[in-house]
Amino acid sequence: MRKNSYLDYKAIITDLVMKVNEDADLDRETIYGLLEYPPDPNLGDLALPCFKLSKKWRKAPHLIAEELQGKIGPSPYFSEVKATGPYLNFRFAPVPLTREVLGQILDCGEEYGARTFGEGQKIVIDYSSPNIAKPFHVGHLSSTVIGNSLAKIYRFLGYECVGINHLGDWGTQFGKLITAYKKWGSEAEVKKGLINELMRLYVKFHTEAEKDPSLEDEAREWFRKIEAGDEEALALWQWFKEISLEEFQRVYDLLEITFQSQAGESFYNDKIGAVVEELKAKGLLTESEGAAVVNLDAYGMPPCLILKKDGSSLYATRDIAAALYRKKTYGFVKALYVTGMAQSLHFQQWFKVVELMGYEWAKDLVHIPFGLVSLKGEKLSTRKGRVVLLEELLTTAIQKTLEIINEKNPGLANKEEVARSVGVGAVVFGALSVNRIKDVTFSWEEALNFEGETGPYLQYTHARASSIIRKAGFDYEADLAFDPEKLDDPAALKVIKTLYLFPEKVMTAAAEYEPSIISRYLIDLAQDFNGFYHECQVLVDDRKLQQARLILVAAVKTVLATGLGLLGIKAPEQM
RNA sequence: GCGUCUGUAGCUCAGUUGGAUAGAGCAACGGACUUCUAAUCCGUAGGCCGCAGGUUCGAAUCCUGCCAGACGCGCCA
């Protein structure tokens with residue numbers, strides 16, 4: 001199947017306008033960029049606003065629109081080209097639209113919208129990256145599902161994506177944990193309570209440390225021992241890490257998220273020395289209050305701390321070491337960091353340091369920030385025990401789904417599997433349905449709502465479409481011929497026009513690193529399809545009509561499944 | 001104090017990068033299941049697009065200043 005060659009009305013219109021542009025004083029990109037979708041479908045399907053041309057040609061916009069209308073004339077792709085005031089409106093001719101869009105979708109299947117231009121290029125995506133020895137909670141959801149979705153979107157465009165789980169498996173928090181374990185824990189308790197016990201110890205450390213600040217010194221000393229390779233300290237560190245990884249894995253299994261690399265912070269421990277030497281050799285390091293920093297005054301930023309006064313590294317140091325390592329190892333064309341907006345300054349600082357080191361690829365480092373999750377307006381806090389565990393959220397959603405299935409579709413064959421797909425889908429979609437940057441207040445009620453603009457709504461729509469296909473005995477290999485003229489209901493045409501938009505939406509989502517563009521699109525598609533579903537019976541006596549409508553249903557099913565897949569959500573056949 | 005981000009219907013959010021009459025969902029109210037799955041659909045109601053200036057043919061969108069909230073600003077990550 002040929003990707004990269006989807007029906008593109010903007011390109012067609014651009015051609016038409018270029019052809020009648022006698023003075024040849026326009027360029028394709030200008031025209032293409034001007035084209036927009038009219039606010040009211042009664043006006044047309046695409047519009048060329050003539051204000052900007054008016055400046056260029058010193059003529060009133062409405063006159064330009066009229067003139068262009070006359071010059072362009074009839075065209076097989078448009079049923080109407082009409083000047084309305086300063087706009088030149090184009091209406092898609094239904095038959096070619098229907099034939100080409102549905103034809104391409106049936107032809108490409110779940111590759112519809114895919115591209116090849118990323119082939120041979122690698123993108124590394126740093127996402128999820130939880131801290132070891134802390135429970136995996138809803139605050140980690142955004143990074144995990146946004147990163148996962150971006151990886152899928154870019155793969156869809158042909159790129160090879162390396163998903164990296166940059167585990168927080170190094171740092172003073174392990175000193176704290178060992179201190180707490182030594183004082184108040186035991187092997188038996190940890191074996192029994194696993195990460196919950198680790199969290200209990202971690203919380204206890206912080207409440208006790210408020211009364212007795214010397215505990216902090218003890219914690220630092222234990223971390224120093226880890227770094228020095230002390231046998232007991234390292235063994236405990238390793239053990240705590242394993243317990244955490246098993247815990248995280250259960251969540252990743254539920255989400256069906258995998259990584260190509262699990263190299264966490266500890267992995268770079270032996271690589272930071274060289275980075276510090278390089279910074280020194282390039283004359284970037286200066287001493288300030290006993291610490292080693294890179295001064296960024298010239299760029300309006302506070303200095304980037306590289307070494308503490310005791311000589312140990314900081315996270316900027318490790319991030320720089322990791323970036324150098326990743327460039328060398330993967331040769332990426334782009335490196336994405338999906339982390340909270342709170343870290344924006346940190347990324348700006350060390351991106352600038354990499355640039356000052358003379359690496360031109362510093363421009364390929366991209367921070368993908370997202371808003372903060374809070375609980376009833378208060379910050380999440382592991383130390384205060386104020387968190388919602390992600391595993392608990394997922395299993396609760398699955399449980400609720402199972403109850404709904406038992407109530408609405410008790411005869412369903414693989415209930416457990418479907419409940420898992422839908423419950424998890426609800427949670428994932430919830431995290432991907434709004435603009436990344438918005439702060440969110442977690443609410444059980446909203447997270448477990450399955451009606452309206454939700455994941456289950458999309459999955460339900462997909463199941464409905466699947467059901468029709470199944471009942472009709474539709475064959476994807478054989479039954480591809482259809483008469484596009486049969487799909488002339490307004491409701492059907494609306495669906496087809498929305499299907500047409502999919503490839504463009506995927507491109508926008510990638511360019512803006514914004515999975516919610518796809519989420520919003522799928523909601524639009526599902527709404528249009530459900531309108532059609534109520535308006536038009538598919539399984540009818542008229543064989544030709546039924547066949548045409550089946551093709552439309554198959555196309556919607558395909559695009560819904562593809563889009564959900566790009567979000568990391570499953571599309572069950574029945575629910 | 002300085003910086004970044006956010007502010008659109010009661011609530012949660014879209015708004016095609018400056019274009020035509022600002023759109024959805026939830027909640028409320030009224031309708032549609034012996035029919036391809038009602039986790040659905042149709043309808044009603046709901047707006048000083050935070051406020052005030054400016055830029056221009058044209059602003060929810062760009063600029064400036066306020067107001068409100070979130071986050072960040074040296075040895076945590």
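Throughout, protein chains are lettered first and strands after them, A, B, ... in sequence-line order, and every chain is numbered starting at 1.
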Undergrad: Is the phosphate of A77(B) approached by Arg318(A) (side-chain N or O, under 4.0 Å from OP1 or OP2)?
TA: yes
Undergrad: Where each residue is assigned the nucleotide of RNA chain B containing its nearest heavy atom, which of Lys471(A) and Cys50(A) is assigned the position nearer the 5′ end?
TA: Cys50(A)
Undergrad: What is the separation between atom CZ on Phe450(A) and atom P on A39(B), rounded to the nearest whole Å?
TA: 13 Å
Undergrad: Among A70(B), C13(B), C75(B), which nucleotide sits nearest the side chain of Lys308(A)?
TA: C75(B)
Undergrad: Choose from G72(B), U16(B), C36(B) the nucleotide whose nearest atom is closest to any side-chain atom of Ile468(A).
TA: C36(B)
Undergrad: Within residues 132-145 of chain A, find the residues that approach RNA chain B with a heavy atom at under 4.0 Å, and present them sorted by residue number.
TA: none
Undergrad: Just by distance, with hydrogens left out, do Lys557(A) and Ser466(A) show a side-chain donor and acceptor under 3.5 Å apart?
TA: yes
Undergrad: Would you write out the dot-bracket form of RNA chain B, 5' to 3', with Watson-Crick and G-U pairs under 3.5 Å, [ ] for crossing pairs, | for pairs to other strands and . for unpaired bases?
TA: (((((((..((((.....[...)))).(((((.......))))).....(((((..]....))))))))))))....
Undergrad: Separation of Leu372(A) atom CG from U4(B) atom P, in whole Å?
TA: 19 Å
Undergrad: Anti or syn, where syn is a glycosidic angle within 90° of 0; which label fits C62(B)?
TA: anti
Undergrad: Check the distance between G15(B)'s P and Glu514(A)'s CD and give it to me in whole angstrom.
TA: 8 Å
Undergrad: How many whole angstroms separate atom CG of Asp528(A) from atom P of C41(B)?
TA: 11 Å
Undergrad: For the residue pair Tyr337(A) and Phe347(A), does the interplanar ring angle fall in the parallel (under 30°), tilted (30 to 60°) or perpendicular (over 60°) class?
TA: tilted
Undergrad: Kindly say if Asn435(A) contacts the phosphate of C13(B), meaning a side-chain N or O under 4.0 Å from OP1 or OP2.
TA: no
Undergrad: Under 6.0 Å from the ring centre and within 45 degrees of the ring axis: does the NZ or CZ of Lys59(A) meet both conditions for the six-membered ring of Trp57(A)?
TA: no
Undergrad: I want to check one thing: is the phosphate of G7(B), taken as OP1 and OP2, less than 4.0 Å away from some side-chain N or O of Lys438(A)?
TA: yes
Undergrad: Output one letter per nucleotide in nucleotides 25-35 of chain B: B when a protein non-hydrogen atom lies under 4.0 Å from the base, S when only the sugar-phosphate is that close, - when neither is.
TA: SS---------
Undergrad: Which one, C5(B), C13(B), C36(B), comes nearest to the side chain of Val440(A)?
TA: C13(B)
Undergrad: Do the side chain of Tyr315(A) and the base of A77(B) come within less than 3.5 angstrom through a donor-acceptor pair of N or O atoms?
TA: yes
Undergrad: Using the P atoms only, state how far C5(B) lies from C63(B), rounded to an integer number of Å.
TA: 10 Å
Undergrad: How would you label the glycosidic angle of U40(B): syn (within 90° of 0) or anti?
TA: anti
Undergrad: Just compare A77(B), U37(B), A39(B) and give me whichever is closest to any side-chain atom of Ile404(A).
TA: A39(B)
Undergrad: Taking atom types as modelled, is there a side-chain donor on Ser313(A) or Arg318(A) under 3.5 Å from an acceptor on the other?
TA: yes
Undergrad: For Arg520(A) and U17(B), what is the distance between atoms CZ and C1' respectively, to the nearest whole Å?
TA: 18 Å
Undergrad: Classify the side chain of Asn530(A) versus the base of A39(B) as yes if they form a donor-acceptor pair under 3.5 Å and no if they do not.
TA: no
Undergrad: Between Phe267(A) and Lys271(A), is there a cation-pi geometry (under 6.0 Å to ring centre, at most 45° from the normal)?
TA: yes
Undergrad: Determine, for Phe532(A) and Lys494(A), whether the Lys NZ or Arg CZ falls below 6.0 Å from the six-membered ring centre while staying within 45 degrees of the axis.
TA: no
Undergrad: Please identify which of these residues, Asp524(A), Asp45(A), Asp528(A), meets the salt bridge (charged side-chain N to carboxylate O under 4.0 Å, His left out) condition with Lys497(A).
TA: Asp45(A)
Undergrad: Might you point out which heavy atoms bring Glu514(A) and Arg436(A) nearest each other, and give the distance in Å?
TA: OE2-N, 3.2 Å
Undergrad: According to a strict under-4.0 Å criterion, is Tyr533(A) in side-chain N/O contact with OP1 or OP2 of A38(B)?
TA: yes
Undergrad: Taking the C1' atom in each of A22(B) and G47(B), what is the distance between them to the nearest angstrom?
TA: 9 Å
Undergrad: Between A70(B), A39(B), U40(B), which nucleotide has the shortest distance from any of its atoms to the side chain of Val422(A)?
TA: A39(B)
Undergrad: Would one find more than 12 heavy atoms of other residues, nucleotides or ligands at under 6.0 Å from atom CD of Glu535(A)?
TA: no
Undergrad: Around atom NZ of Lys570(A), are there more than 12 heavy atoms from other residues, nucleotides or ligands closer than 6.0 Å?
TA: no
Undergrad: When the C1' atoms of U17(B) and U61(B) are considered, how many whole Å apart are they?
TA: 8 Å
Undergrad: Taking the same atom, C1', in U16(B) and in G23(B), what whole-Å distance lies between them?
TA: 13 Å
Undergrad: Other residues, nucleotides and ligands only: do more than 12 of their heavy atoms fall within 6.0 Å of CD on Glu29(A)?
TA: no
Undergrad: Could you work out the separation of G50(B) and U12(B) based on their P atoms and round it to a whole Å?
TA: 14 Å
Undergrad: Let me know the distance between NE2 of His367(A) and C1' of C5(B), rounded to the nearest Å.
TA: 12 Å
Undergrad: If you check every side-chain atom of Lys379(A), which of A70(B), C71(B), C36(B) has the closest atom?
TA: C71(B)
Undergrad: Between U44(B) and U35(B), how far is it from one P atom to the other, in whole Å?
TA: 27 Å
Undergrad: Give me the one residue out of Asp542(A), Ile468(A), Val538(A) that meets side-chain contact (heavy atoms from CB on, under 4.5 Å) with Arg549(A).
TA: Val538(A)
Undergrad: Report yes if at least one side-chain N or O of Lys52(A) is closer than 4.0 Å to OP1 or OP2 of G18(B); otherwise report no.
TA: no
Undergrad: Quick check: are there more than 12 heavy atoms from other residues, nucleotides or ligands sitting under 6.0 Å from CD of Glu416(A)?
TA: no
Undergrad: Whether Ser467(A) contacts C36(B) is assessed here as follows: a side-chain N or O lying under 4.0 Å from the phosphate OP1 or OP2. Is that the case?
TA: no
Undergrad: About how many Å separate NZ of Lys415(A) and CG of Leu412(A), when rounded to the nearest 0.5 Å?
TA: 7.5 Å
Undergrad: I'd like the P distance from C62(B) over to C2(B), given in whole Å.
TA: 23 Å
Undergrad: Output the single nucleotide from G72(B), C36(B), A20(B) whose closest atom is nearest the side chain of Leu345(A).
TA: G72(B)
Undergrad: Counting side-chain heavy atoms from CB outward, which of U21(B), C57(B), A77(B) is closest to Asp40(A)?
TA: U21(B)
Undergrad: Within the 3.5 Å criterion, strictly below it, is a donor on Thr84(A) or Asn89(A) matched to an acceptor on the partner's side chain?
TA: yes
Undergrad: Look at the side chain of Ser288(A) against the base of G74(B) and say whether a donor-acceptor pair falls under 3.5 Å; ignore hydrogens and angles.
TA: yes
Undergrad: Verify the contact: side-chain N or O of Tyr457(A) to OP1 or OP2 of C41(B), cut-off strictly under 4.0 Å; return yes or no.
TA: yes
Undergrad: When you compare the side chain of His346(A) with that of His367(A), does any pair of heavy atoms fall below 4.5 Å?
TA: no
Undergrad: Using the P atom as the point on both nucleotides, what is the distance between A27(B) and G65(B), in whole Å?
TA: 42 Å
Undergrad: Measure from the side-chain heavy atoms of Asn131(A) and tell me the nearest of A77(B), U17(B), C13(B).
TA: A77(B)
Undergrad: Is there a side-chain contact between Lys408(A) and the phosphate of U40(B), meaning an N or O under 4.0 Å from OP1 or OP2?
TA: no
Undergrad: I need the CZ-C1' distance between Phe532(A) and C42(B), as an integer number of Å.
TA: 17 Å
Undergrad: Please report the distance, rounded to the nearest Å, between CH2 in Trp57(A) and P in C57(B).
TA: 19 Å
